[in-house]
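Indexing begins at 1, ligand by ligand and atom by atom, following the structure's order.
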Amino acid sequence: MSFNTFGHMFRVTTFGESHGVAIGCVVDGCPSRIPLSAADIQRDLDRRRPGQSKFVTQRREPDEVRILSGTFIDPASGAEVTLGTPIALVIDNVDARSKDYDAIAETYRPGHADYTYDVKYGLRDPRGSGRASARETAARVAAGAVARKILPGMKVRGALVQMGEIEVDRKEWDWDEVARNPFFCPDAKAAKKMEDYLDGIRKKGSSIGAVIEVIAEGVPPGLGSPIYGKLDAELAGALMGINAVKGVEIGAGFGAALLSGEENADEMRMSNDGKPKFLSNHAGGILGGLSTGAPLVARFAVKPTSSILTPRKTVDRYGRETEVSTKGRHDPCVGIRAVPIGEAMVACVVADQYLRHRGQIGEPVDWPFIKA
Ligand SMILES: Cc1cc2nc3c(=O)[nH]c(=O)nc-3n(C[C@H](O)[C@H](O)[C@H](O)COP(=O)(O)O)c2cc1C
C-alpha cells in the first residue's frame with residue numbers, strides 16, 4: 001500500500017524525490033472559479049525556500065512553480081481561475097549536488113529514514129534523501145496556497161515559538177515581527193537571542209529542535225466530524241506527517257493535564273454579533289471534534305536535524321558497524337522552514353473539512369434555533 005495522498009474532498013497527491021527531475025502535486029477537488037495564479041503559490045513557496053539566511057541550508061533551490069493544469073483565463077473577468085479539474089503543480093529540482101550523498105549511500109544516518117526505507121523497499125534513492133527529503137514539503141506548501149483560497153475569510157499563520165532552550169515571551173507576541181527576522185519568530189527579543197544561539201550550533205556542525213504554533217482564524221463553527229474524523233485528529237495527523245515532527249498539541253495540549261476543570265473550561269458569553277464567544281481558548285477551537293468558531297490553535301515539535309558533522313555510531317547496508325558524519329548543506333534547525341509547511345498542512349485540512357461540511361450539511365445551520 002502506498003500513501004502519497006491526503007484529504008477527502010480537497011485531495012492532495014504529491015510526487016517526486018529530492019534529486020529527481022522534479023517534485024510536485026496534483027490537487028483534486030478544488031471548486032471552480034477561484035482566482036489562482038502561479039504568483040499566488042510562489043509567495044508561499046518563497047517563504048519555505050532554502051538559502052535565504054545563514055541560519056538555513058545554503059542549497060540554492062529557486063522552487064519556481066508551474067501550473068500544468070486546472071486553471072484557465074475566465075473570458076468574463078480576464079482573470080486566471082480554477083476549472084474544478086485536477087490542478088497539477090510542478091517544481092523542477094535544479095540544485096541537486098548528488099555527490100554530497102556518496103558517503104551515506106550505504107551507511108545509515110542515525111535519526112534519518114535511511115535504514116527504514118532500505119528495510120522496507122529493499123533499495124532507496126540516497127541522493128538528497130530521496131523521497132524522505134523535506135524537499136517533498138515544497139509540494140505541500142504549493143497545495144496549501146490553493147487551500148488558503150477555498151474558505152473565504154480564513155487566515156492561517158504560523159510562528160516559531162521555541163528553539164532549543166529559547167522560548168518566546170507571549171506578552172511580546174507581534175505577528176508583524178514574524179516576517180522581520182529569519183526565524184519566523186513573533187518575539188523580537190527572543191529572535192535576537194536565537195541568532196547567537198543558532199550560530200554557535202551551526203558553527204559546531206550540530207543541530208537543534210524547535211516548536212511551531214499555527215493559528216487558523218476565520219474558521220466557522222461546525223467543521224469536522226465527530227468520532228473518527230475529529231478535526232483535532234485530522235490536524236494532528238497532517239502535522240505529524242511533516243518530516244521530523246515528533247509531537248503535536250491542540251490548544252492547551254499537554255498543559256491541560258495541569259489545569260483544573262474550572263481553569264480549563266472555556267466559558268461562554270454572547271457577543272454583539274449574536275454569536276457565542278469563548279472567554280478563553282484552551283480547547284484550541286475544537287470541541288467534540290468540531291470547530292467552535294474560535295481560532296484553531298495547533299503546536300508541533302520538530303526534532304533536531306539528523307545530518308550533523310559530528311560522527312555517530314551506526315551500521316551499513318551490509319550489517320557492518322561503522323561511524324557516519326554528514327557533509328553537505330543542511331539546516332541547523334529544520335523547525336525554521338517548517339513554519340510555512342505547518343501553515344500549509346493546516347490550510348489543507350481546514351479546506352477539506354469545509355468542503356466536506358458543505359457536502360453534508362449544505363447551507364449553514366440557522367443558530368440560535370429559538371430566538372430569546
Ligand atoms: C524543512 C525541513 C528540512 C529538513 N532538512 C533536513 C536535512 O537537511 N537533513 C536531515 O537530516 N533532515 C532534514 N529534515 C528532516 C528529515 O526529512 C526527516 O527527519 C527524515 O525524513 C526522517 O523522517 P522523520 O524524522 O519524520 O522520522 C528536514 C525537515 C524539514 C521539515
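Using a cutoff of 4.0 Å between basic side-chain nitrogens and carboxylate oxygens, E249 and R299 are scored as salt-bridged. At a threshold of 4.0 Å, the pair R49-D63 does not count as salt-bridged, since none of the basic side-chain nitrogens sits closer than that to a carboxylate oxygen. Contact check on E172 versus K189 returns a salt bridge, with a Lys/Arg side-chain nitrogen under 4.0 Å from an Asp/Glu carboxylate oxygen.
Of the listed residues (I308, V302, N243, T326), the one carrying the non-hydrogen atom nearest atom 18 (C) of ligand 1 is N243. The closest non-hydrogen atom to atom 28 (C) of ligand 1, taken over V334, V339, V245, comes from V334. Nearest-residue assignment for atom 1 (C) of ligand 1 (options R131, R337, R109; heavy-atom criterion): R337.
In the vicinity of A132, heavy-atom distances shorter than 4.0 Å reach the ligand 1 atoms 17 (O), 20 (C), 21 (O). Each of the following atoms of ligand 1 lies closer than 4.0 Å to a heavy atom of I341: 1 (C).
In terms of polar-atom proximity, defined here as any N/O pair under 3.5 Å, A338 makes no such contact with ligand 1. For ligand 1, one of its N or O atoms has an N or O atom of K303 under 3.5 Å away. For T305, no nitrogen or oxygen atom sits less than 3.5 Å from a nitrogen or oxygen atom of ligand 1, counting backbone and side chain alike. Considering backbone and side-chain atoms alike, S307 places an N or O below 3.5 Å from some N or O of ligand 1.
No side-chain heavy atom of R312 sits under 4.5 Å from any side-chain heavy atom of E323. Between V350 and L151, some side-chain heavy-atom pair lies under the 4.5 Å cut-off.
Among R66, E64, R135, the single residue meeting the side chain to side chain contact (heavy atoms under 4.5 Å, CB included) criterion with I91 is R135.
Looking at D316 and Y108, their side chains never bring a donor and an acceptor atom within 3.5 Å of each other.
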